[in-house]
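Sharing a structure here in structure tokens format.
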Amino acid sequence: MRVLRWLPRLLIPLAVAAALVVDARIDRVPAEAAALAGEAPTQIEVPTPTALTSSWFCPVVGMRAIAPGFGETTTELLLTNMTGASVSVSIELRGRTTGRQFVTADVAPLSTGVVNTSDYARDEIIGALVEASSGGLAVTRRLTSPLGIDEARCSSVLAPNWYVPVGDTQSDALGVIAIMNPLPRDAIVDITFATEAEFGPFVVPELTGVVIPAWSSVAVDVGEHARRRDVVAASVQARTGRIAADSFVMYDGSVGRRGFAAELASVSLSETWLVPVAGIDSETHLRVRVFNPSDEVAQVVAEVTAAGVDSDRVALAIASHDVRELIVEPPSDREPGLDTLLAPTGVPLGISVTGQNDVPFVVWAETVVGSAASPLTDIPIASDAAGEAADPAGGASVTVVAQSDEPPDAPTGAASAEGAVPDDASRDIDGAAAEVLPPVLSARSGLTSVPGIGVQRERWLVVVPAEAGVETFLTIMRNPTSPDAEDAVAEDAVADVSGGDGRVVIGTLQRETLAVVDVPASGVVTHRLTSGTTRILVSDVPFAALLWQARSGSAGLSVAHPVGW
Amino acid sequence: MNEPVWTDATPPDTEDPTALAPPPAVAVIVTASSRWPDTESALRALAAQDYPRLAVLVLCDAEGSQGRQVREVLPTAAVANLTSSRRDQRRGSHRRRSGSVNNRGASLVRGADYLLFLSDGVALAPDAISLLIDDAENASGRVVGIAGPKLLDADDGMTLRDLGGTADRLGVRIPAASQGEVDQAQHDGARDLFVAPTQAMLVREDIFRTVGGFDDHLDGDGAAVDLCWRIQLAGSRVRIVPAATGLVPSAPPAAAFGPSARQHDHRARLRTMLKCYGWVHLLPAVLLAGMLALGEALFAALRGRFAQASDVTLAWAWNARRLAGTFALRGAAKRYRRVRDADLRRLQQGGSIRVADWFRYRLSPEGGLAARTTIDESILGTWRRNAHRTVWVVWVLVLGGIAFGSRHLLTGGIPAFGQFAHFADAPTMLGAYFDGWRVDAVGDAGIGHPATGLLGIGGVIVLGAVGLLRHIAVWGLLLAGLVGMWKLCAPSNSRNGRLIALALYAACPLPYNAVAYGRWDVLLVYGVAPAVVLMTSRLMGAVAVGRSGEGSRRATAARVASLGLLLAVAAAFEPFVVVLGLAAAAVLAVTETIRRAAGRSSLGRPWLGLLLVVTAAALAAAAHLGWLIEFGSLRAFLDVSLGSSTASTPESFAELLRFQTGPLGELPLGWGMAAAAAVPLLVGRSSRMWWAARGWMVGLTGFAGAWAVVTGWADDVLAGIPIGDSLAEVCLVLGAVGLCWATAAVPASLAASGGDASPRVRSAMVLISGLAVGAMVLPTAWAAVDGDWSAPSFDHRVPLGLIDDRDVGPDYRVLWIGDPDVLPLHGSDLGMDGLAAGTSIRGYPDVRHQWATPPTPGNERLLDAVRVGLAGDTLRMGRLLGSFGVRYVVVVERSGPSYSQGWDRPVDAEVAEALASQIDLRPLAVDPSVQVFRNEAWWSSRAQFAHPIPHGFAVDQTDLVVSDLSDGIGVLTDYRSPTSQLGPVGTGPLLVADSFDPGWRLRVDGTEVVPTPAQGWAMRFDPPHAGQAELSYERSAAITDRLWAQVLIWLSIGWVAIGQPTPLADRVTAGLKKMRRR
């Protein structure tokens, strides 16, 4: 029995010691760090079909003349129902003085409906809250001004921070920031500018602590506060509340350039931006602007890539709260400037801007077709410049769209909605014949704001409103520096044999495949679309796409940002 | 029965009434006991009386031998049974109280002028009755209603036994003669007193009839005080006539039946006060009596005298049950009252004689001597003991240290954070239990959480001072833990060992970290765990019981029921305590078996004890059976009841051993307790070693449990039942109890004489022990400097004052979202980044919202709406929440306001963004620690609509997001309680955002409207016309049955626990005896 007496005396300390040893060997998952209250990632995308509602915020669906000579802007809302059931849509139009008006519409399954909001409300500035009783609804806009036509997304998110490309504030230009506060509490925002004339943020006292009343939109004429700047970007930050913001740029043609550009402001920053461009030539002036709204210097590399030519690149340092402009132009006899990127003419090209030091920034571009004369350049108005520019002669139009083997009215097997890419060869059902000119070459004049795409996705939705006399092109680009692209490049060695790169399936809302486009790891392809249709783009790798439209008349060029889904 | 026969039947002469008036007729009513010699001496003394007109009635077993003996001794005496009914006779005399027996005697007497109520054994002197009559008839002044003799001890004839007396304000009888006082004629003067001698009272018959005789429910001194008081109210006097003497036996009559004499005394005093005082004097007197009773009950409970505490409590309950009858007698007293209370008070003594006596006794040398000899384990009994001065000093240091460390919380109050919710008022808490309607989430039918019922009872006991109750519920648990540890270590027979264990338990970081983090569950287990281990050990036979009655079935049953009751009370707040109790019992059984095997003792006792503990746990479970049934299944109960996430759970075994559960315990000094506890284990021998082994085994059980929780092994073992980290700290308390228990053997193990180790080892161990204890105590003492144990100084109530409409206006709910660590209520898991959500009604939640309740379809729907909104699947979350009457959404991101101490639990940025982007939620400017949104799409929980609403409306949430129903008019705004609201209503559908239950009714000007289901979970009423309406809920019969069944189970367990007999137990015992005889 002596053993029993010693049992607890020995057993207990040994048990404690053993537990300590075992405990030391346990692999513990480190406790999750407490979530830090910060800025949540925001993406503008179509609510999933399982979502209870779809809510879209359109800061401007109608705007009267902000300044003399710029006319009135009207809007058509394009409601795209991506679900298999009819959707009831409620559109709440909110003007500053006319109160709220409600418009309801039913959108058939897998179709796009159009609502002309100018039929319902007229006010200095009118915003719209579009709601549907289910997910799967996308809302885009076509805005029409006496100076041109442009497409823009509405926003599916509200955020405290928006980054607005303004352009310039020369005497022939009008830059407008429209801010919408759809929430029941007044928002207080600070608007700061970055220009080439100031070092650091350009703070205007009148635009500090601006109250955006609940359920209303407010327009700010940038030129009244940052006059005669060549490059202007703005940062809109809400101290309280959540907002959505639009950017408008108009050139009145009094000097030379003329056009109208509207785009939803950028809601997020990124370290990689892609700008797929349909093409440039001697009459197409492309400027890329890089805005660094952070408190640190951003080191970036901008690069132009195009099929079959060497890429050109420049490295830039963007100071805190500063904006830099890069000129993309064809090679010439002139010595290119430090801020110049050389690009071939007549071919689609891609511009990628990549951060080198983990500082996020915003990129967008501006394309002026025809005369780019402005008060700054002091170029006289050339009445025939547009006509000359429209001449495609000499332009080495390169069609990278593969020819379809099948007739247009014979749809092939449906593409998988989940993004499975068919294995068969690239086909084009939607596109026209081979001799297709890039839109910039067919447009005679115009201005468009070309949004950079900071978040590449595998799925995009493009809405092409029905319009006569419009050439519609889709430009698709993959990030040449992303790991996916590197893998794809590595696979190119195999692709030489198999003949395949990353593929993008272009289909209808009904999930019918219209075309399969091979997109090389470095380079851009364009694909012509039939006007008046809506397309879904699906790939197995992230990519960027822009919709270019060239109008034969003076309405000129427009570029639309697709909607993620 | 024969009528009493007057010994002198000569009729009075009518010609000269003054001269020839016969003496008053006296009827002597003797109540015979079972002790015949006493009865015989009393009868012989009556036979020797010189009073001429005397009749004797003896109440006894008239038909039995006693009756025959009476007739032999005193043939002229009439003999009657004690009771009138045959049934009562069969049940025996022991069922009758002296008041009712005397009244029966009086009812059998005719033609008497005076009634002399004589207890069995009082032998009056031959002239006693003559002297009493003479004084009663001839005393100047008011009429004498009662006269009493001087009663001396029958053995020596010199010691004063009863000379009447007075009473204090509370009806406590104060004898005129001290105990054991020798009669030296010092009291020999007839005079007025307040109370006559209980055992011999000559009462004037007409006055006796006027005041209604004795109180049938009273007995002994209580009955005497009551009668004397009422007779004086009627304008008569009570006299003591020392010239008239009597002898009484030395041995006091044994209490034969019913409750204890103490309980009866309490009953009688309160009943007499309620009957006799006018309102002006009654209210302060009852208030004083109530306070003293509460103090006595608490103090007795603190000293472990639960029988005394229960006697006091049950006496009040007894009077409460008979309140209607008491007030009827009070009305009668009002009719015959001739004297004001103020005049009567001159014969009474002010204040409370019991309190005065207590202090006088305690402070006197005699009291100290008595305390030394009679109150061995009393805490306050050590007050005057020189030998226990160390004990007193240590206790003062411990309690003073805790009070000093808690001074800011004691003076400024404990903020409502963590589990320290504010208490609702007592009726509200009782209503939450009894109304059959729970207000949690979106309401549900069923019995309330048992904890609310217990807190409601506590609120009543403290006379509605729920703030005081809240302090008791926090600090009282800490104190109870210390007292429990003191008692747990009592069998060690080592005063220093108990002091070490006490100091270590007091220095343990667990309770202070629990205060810092608002952990009521840890405090609760800290308070009860030592008592649970002690009771378990006693049942195991591991420690001696130290009381008489050891081994009897009733005592064992009482101990099992006591443990069951303790576990039931604790489990009402933290169910896991039952598991802890069973775990402790299991390891004690194993340890005890090993010890007995080593000592070659019987091995059956520990396992029998384990069986008893399991029985106690089963009793505790039975006490909560009604609540468990609410969940439908045990799994459903466990899914929501086994702990929650915490802000303070340690991760490693080493941290567990240091009790590092918060600000205290981070230093390596926290190893001190384990080091001290290891000393007796390593060097102790014999009983000391086994004592330490028991402690260590219990402690290791706690540590192992905590370790299993923090490593996730418990989750694996329990196959998917979620185990909250909070249980780790609850388990740790058992670890602390075990280690402290083991340290009680340190001094004995290291004692110089008969030590268990060599002197050198002993010296080293003394040094180690001292350092270890110091290492534990010093950090706690240093932490006490702050004065609040790092607890927040403020809570969210001030910054969130805007969400509280103080019951004015339409009814609404508040939705609380956040990490469970910082939510002020028990929320349901949202399954999103650890977030939980819950609702409160009309403002800040109180303690009713602190516990998990059964899931309901309505609550699931609410949680779905919250998930949809937070996931960004809709920006119309406000409309979804509006259907639940949610007016405010509060996102809590910190345990307290920004200007207070606390811990941060910010919600995920995406969740914050989703909330900030909601179209219908208007953010309000409040403290940064919380986000508050007002729902612009809100409509009242009781809203009426002017437009028609289809009956199938909003069965799917899609209807809600596209419908703006904020035009609903809030009705029934007179909020009486969760189950009763009043106010005018119009015509049109009335939506009530509470779970559908057919027990609800809407009465519109007398027209009753039944509810119909609405929105898939709520209710809808369609009033036929406009008018004044009342919305009320009537619980179903099933709920009522379940409710009272649970109450009955609790009362039964309590009844057995305080050692009271039960018919069932008696029958079982009798049956067992019969079987044994056969």
Side-chain angles (χ1 to χ4, degrees), chain A residues 1-13 15-16 19-24 26 28-32 34-42 47-48 50-57 88 90 92 129 131-135 156-160 182-185 214-215 238 240-242, chain B residues 591 594-595 597-600 651-654 656-657 674 678 681-682 684-686 689-690 692-693 696-697 700 703-704 707 711 833-834 868 871-876 880 893 904-914 916-925 934 936 957-959 961-962:
Chain A
M1 289 298 109
R2 193 174 177 80
V3 174
L4 290 178
R5 289 174 184 273
W6 278 96
L7 196 62
R9 201 191 293 276
L10 296 176
L11 201 60
I12 291 172
V16 173
L20 287 170
V21 171
V22 170
D23 186 77
I26 293 176
R28 286 188 170 81
V29 178
E32 290 183 9
L36 298 175
E39 190 173 340
T42 50
T48 61
T50 57
L52 199 58
T53 57
S54 298
S55 298
W56 290 85
F57 309 96
S88 295
S90 165
E92 183 181 339
L129 167 62
E131 293 181 278
S133 57
S134 74
S156 62
V157 299
L158 297 172
L183 297 181
R185 181 192 185 189
W215 296 306
T240 62
R242 297 290 185 275
Chain B
T591 312
I594 297 173
R595 186 184 73 85
R600 298 179 182 177
E651 291 184 0
S652 69
F653 190 70
L656 291 171
L657 282 176
L681 189 69
L682 296 176
R685 288 182 186 171
S686 185
M689 191 272 285
W690 285 109
W696 267 99
M697 288 298 283
L700 285 184
F703 289 121
W707 198 30
T711 54
D833 302 321
V868 166
D873 284 342
T874 183
L875 298 184
R876 287 295 188 182
L880 294 178
E893 298 186 289
D904 295 320
R905 290 291 182 274
V907 297
D908 188 77
E910 290 185 29
V911 170
E913 203 60 43
S917 299
Q918 294 295 325
I919 298 170
D920 296 321
L921 300 184
R922 177 197 292 264
L924 303 178
R934 188 168 67 201
E936 298 291 324
Q957 287 184 329
T958 308
D959 287 346
V961 294
V962 296

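Values below: all heavy atoms of this structure, side chains included; hydrogens, waters and symmetry mates excluded. A quick note: this is a predicted structure, and the numbers were derived from the prediction, not measured. Chain letters run A, B, ... following the sequence lines, proteins first and then strands; every chain starts at 1.
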Worksheet item: Do you know which of A:Thr48, A:Val16, A:Leu52, A:Thr50 has the most heavy-atom pairs under 4.5 Å to chain B?
Response: A:Leu52
Worksheet item: By a 4.5 Å heavy-atom criterion (distance strictly below it), what part of B:Leu875 contacts chain A: side chain, backbone, both, or neither?
Response: both
Fill in: Non-hydrogen side-chain atoms of A:Phe57 and B:Ile919 separated by less than 4.5 Å
yes
Item to complete: Under 4.5 Å heavy-atom distance to chain B, tell me which part of A:Pro47 shows up: side chain, backbone, both or neither.
Response: neither
Worksheet entry | Any residue meeting side chain to side chain donor-acceptor pair (under 3.5 Å) with B:Arg922, in chain and number order, not counting sequence neighbours | B:Glu936
Item to complete: Examine whether an atom of A:Ser133 lies under 4.5 Å from a heavy atom of chain B, and if so say whether it belongs to the side chain, the backbone or both; otherwise answer neither.
Response: both
Worksheet item: Step by step, would you call B:Asp873 with A:Thr53 a side-chain contact (heavy atoms from CB on, under 4.5 Å)?
Response: CA-CA 6 Å; B:Asp873 284 342; A:Thr53 57; over 6 Å; no
Practice prompt. Write down the atom of B:Leu682, the atom of A:Pro13, and the distance for their closest heavy-atom approach.
Written response: CD2-CG, 4.3 Å
Worksheet item: For B:Ala678, is it the side chain, the backbone, both or neither that has a heavy atom under 4.5 Å from a heavy atom of chain A?
Response: neither
Worksheet item: With sequence neighbours left out, what residues match A:Ser156 under side chain to side chain donor-acceptor pair (under 3.5 Å)?
Response: none
Practice prompt. Please flag which part of B:Leu921 lies under 4.5 Å from any non-hydrogen atom of chain A: side chain, backbone, both or neither.
Written response: backbone
Practice prompt. Evaluate the criterion side-chain contact (heavy atoms from CB on, under 4.5 Å) for residue pair A:Arg185 and B:Arg934; output intermediate values, then yes/no.
Written response: CA-CA 10 Å; A:Arg185 181 192 185 189; B:Arg934 188 168 67 201; over 6 Å; no
Practice prompt. Would you please test A:Leu183 and B:Gln918 for side-chain contact (heavy atoms from CB on, under 4.5 Å) and show each step?
Written response: CA-CA 7 Å; A:Leu183 297 181; B:Gln918 294 295 325; 5.8 Å; no
